[in-house]
K.L.:
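One structure, pasted below without further comment.
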Number of protein chains: 2
Amino acid sequence: MFSKATEYALRATIYIAQKSSVDKKLSLTEIAQAIDSPPSFTAKILQLLTKDNSVIHSVRGPNGGFYITEKNKQLPLKKILEVVNENDLFEKCILGLKKCSETNPCPLHFQYKPIKQELIYLFQTNTILELSEKADSESLFINNK
Amino acid sequence: MFSKATEYALRATIYIAQKSSVDKKLSLTEIAQAIDSPPSFTAKILQLLTKDNSVIHSVRGPNGGFYITEKNKQLPLKKILEVVNENDLFEKCILGLKKCSETNPCPLHFQYKPIKQELIYLFQTNTILELSEKADSESLFINNK
DNA sequence: CTAATTAAAGGTATTTTTGTCCTTAATTAA
DNA sequence: TTAATTAAGGACAAAAATACCTTTAATTAG
């Protein structure tokens with residue numbers, strides 16, 4: 001469904017929302033361990049999410065790390081997909097046809113349509129905050145190996 | 001959503017179901033042109049679908065090519081996904097967590113569950129025949145560029 | 001039987017994705 | 001001010017997906 005990059009972006013953001021605050025920032029090392037992702041690759045993805053502080057924030061130096069503001073916790077999950085450029089899922093034809101449309105539909109078009117709508121709804125209505133609250137504080141990301 | 005390989009597999013099979021018969025086999029060249037896919041790569045995928053005649057059939061030599069039997073047209077689309085090994089879509093956690101389950105759910109688990117069910121239903125209940133009949137005989141695959 | 005046609009099979013090449021490493025910049029504490 | 005810490009940024013490496021090409025095998029028509 002999603003690329004590794006997107007999976008890591010979603011997991012990392014949810015974890016950061018769950019565990020961080022302005023005065024309790026999380027290091028790359030902690031995040032990567034918690035969500036079971038390769039640290040260096042995760043760093044790249046966190047950079048994307050940090051750009052313009054669009055999703056998460058970062059601070060360098062001792063006691064630095066990553067955190068997310070209360071305001072940004074109100075962002076929908078969809079925002080994360082936009083940042084990692086996997087947002088086209090909600091526009092693409094399921095058969096990969098470039099010109100599939102309402103007037104020139106692929107054979108799956110009208111059956112897939114409501115499913116796509118539900119996916120869009122899922123990522124548009126769920127905020128980072130809501131998801132982080134659903135994430136059990138201990139058991140979610142550990143034991144993922 | 002799907003890999004290129006899977007998209008080509010679905011498109012090719014639907015096209016073959018729509019246009020071929022035992023005495024009107026389709027060549028690789030025609031198929032690849034019709035569904036707008038790279039011929040050599042498509043050949044590999046058709047080989048998979050042909051193996052053990054599990055989905056489509058092939059004949060070498062002059063007037064050879066690919067076709068599908070009426071019997072195999074009754075197969076669900078899911079069969080195609082199995083052959084190209086993208087069947088795990090219906091089992092995987094949307095966040096990529098290895099141990100996500102009913103008792104240890106990821107934060108999206110219960111919201112994604114019904115969507116996943118609908119996807120499974122879509123690919124299990126739709127047969128190749130049904131899809132090929134929905135595919136407009138002329139306008140579906142052309143103009144895809 | 002021979003030549004032509006078409007898919008099968010295998011190897012190779014390219015591109016994209018995923019992952020690593022090293023240096024630089026920022027921040028902090030001593 | 002210096003040393004330590006942590007993310008940013010860039011170059012590089014490995015793996016996987018996608019795409020191509022060449023030879024072989026099967027089939028058919030003449």
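In what follows, chains carry the letters A, B, and so on, assigned in the order in which the sequence lines appear, proteins first and then strands, with residues in each chain numbered from 1.
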K.L.:
Would you classify Ala43(B) as touching base, sugar-phosphate or nothing, given that sugar-phosphate means primed atoms plus P, OP1 and OP2, and contacts are heavy atoms under 4.0 Å?
P.N.:
nothing

K.L.:
Output the rounded distance in Å from CD1 (Ile68(B)) to P (dA7(C)).
P.N.:
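It works out to 16 Å between those atoms.
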
K.L.:
In this structure, how many angstroms lie between the C1' atom of dA7(C) and the CD1 atom of Ile31(B), rounded?
P.N.:
11 Å

K.L.:
With a cut-off of 6.0 Å (strictly less than), are more than 12 heavy atoms of other residues, nucleotides or ligands near CZ of Phe110(A)?
P.N.:
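Yes, CZ of Phe110(A) has more than 12 neighbouring heavy atoms, counting only those of other groups under 6.0 Å.
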
K.L.:
Should Pro76(B) and Thr127(B) count as side-chain neighbours, where that means a heavy-atom distance under 4.5 Å?
P.N.:
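Side chain of Pro76(B) against side chain of Thr127(B), heavy atoms only: no contact under 4.5 Å found.
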
K.L.:
By the 4.0 Å heavy-atom rule, please label Thr29(A) as base, sugar-phosphate, or nothing.
P.N.:
nothing

K.L.:
Between Leu48(A) (CG) and dG10(D) (C1'), how many Å, whole number?
P.N.:
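Rounded to the whole Å, the gap is 14 Å.
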
K.L.:
Give the ring-plane orientation class for Phe90(A) versus Phe123(A), where under 30° counts as parallel, over 60° as perpendicular and anything between as tilted.
P.N.:
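The arrangement is tilted - the two ring planes meet at 30° to 60°.
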
K.L.:
Return the value, rounded to whole Å, for the distance between atom CD of Gln33(B) and atom C1' of dT6(C).
P.N.:
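Nearest whole value for this atom pair: 16 Å.
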
K.L.:
Name the nucleic acid region contacted by Leu26(A), choosing base, sugar-phosphate or nothing; use a 4.0 angstrom heavy-atom cut-off, strictly under.
P.N.:
sugar-phosphate

K.L.:
Report the distance from atom CD of Glu30(A) to atom P of dA7(D), rounded to the nearest whole Å.
P.N.:
10 Å

K.L.:
Quick one, Lys78(B) and Asn126(B) - any side-chain contact, counting heavy atoms below 4.5 Å?
P.N.:
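No, their side chains stay 4.5 Å or more apart.
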
K.L.:
What I'd like to find out is whether the side chain of His109(A) reaches to under 4.5 Å of the side chain of Ile94(A), using heavy atoms alone.
P.N.:
no

K.L.:
Return the CD1 to CD1 distance between Ile56(A) and Ile31(A), rounded to the nearest 0.5 Å.
P.N.:
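Result: 6.5 Å between the selected atoms.
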
K.L.:
If you compare every side-chain N and O of Ser58(B) against the phosphate oxygens of dA8(C) (OP1, OP2), does one of them come in below 4.0 Å?
P.N.:
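Checking Ser58(B) against dA8(C): at least one side-chain N or O falls below 4.0 Å of OP1 or OP2.
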
K.L.:
Taking side chain as C-beta onward, heavy atoms only, is Met1(B) less than 4.5 Å from Lys116(A)?
P.N.:
no

K.L.:
Using links of under 4.5 Å between side-chain heavy atoms of ILVMFWY residues, direct or through other members, which residues join Tyr67(A) in one cluster?
P.N.:
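Cluster partners of Tyr67(A): Val22(A), Val59(A).
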
K.L.:
Could you tell me the separation between the CG atom of Asn63(A) and the C1' atom of dA29(C), rounded to a whole number of Å?
P.N.:
9 Å

K.L.:
Between the two end axes of the helix from dC1(C)-dG30(D) to dA30(C)-dT1(D), each built from 5 base pairs, what angle do you get to the nearest 10°?
P.N.:
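One end axis against the other gives 0°.
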
K.L.:
Is the phosphate of dG9(D) approached by Gln47(A) (side-chain N or O, under 4.0 Å from OP1 or OP2)?
P.N.:
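Yes, such a contact exists.
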
K.L.:
What's the CG-P distance between Leu46(A) and dT18(C), to the nearest Å?
P.N.:
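One finds 15 Å between P of dT18(C) and CG of Leu46(A), rounded.
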
K.L.:
Tell me the interatomic distance from Ile35(A), atom CD1, to dG19(C), atom P, rounded to whole angstroms.
P.N.:
11 Å

K.L.:
Sugar-phosphate atoms are those with a prime plus P, OP1 and OP2; base atoms are the rest. Using that split, label each nucleotide of nucleotides 19-26 of chain D B, S or - for protein heavy atoms under 4.0 Å, 5' to 3'.
P.N.:
BBB---BB

K.L.:
Can you find a pair of side-chain heavy atoms, one from Ser20(A) and one from Ile68(A), that are under 4.5 Å apart?
P.N.:
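Answer yes - side chains close enough.
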
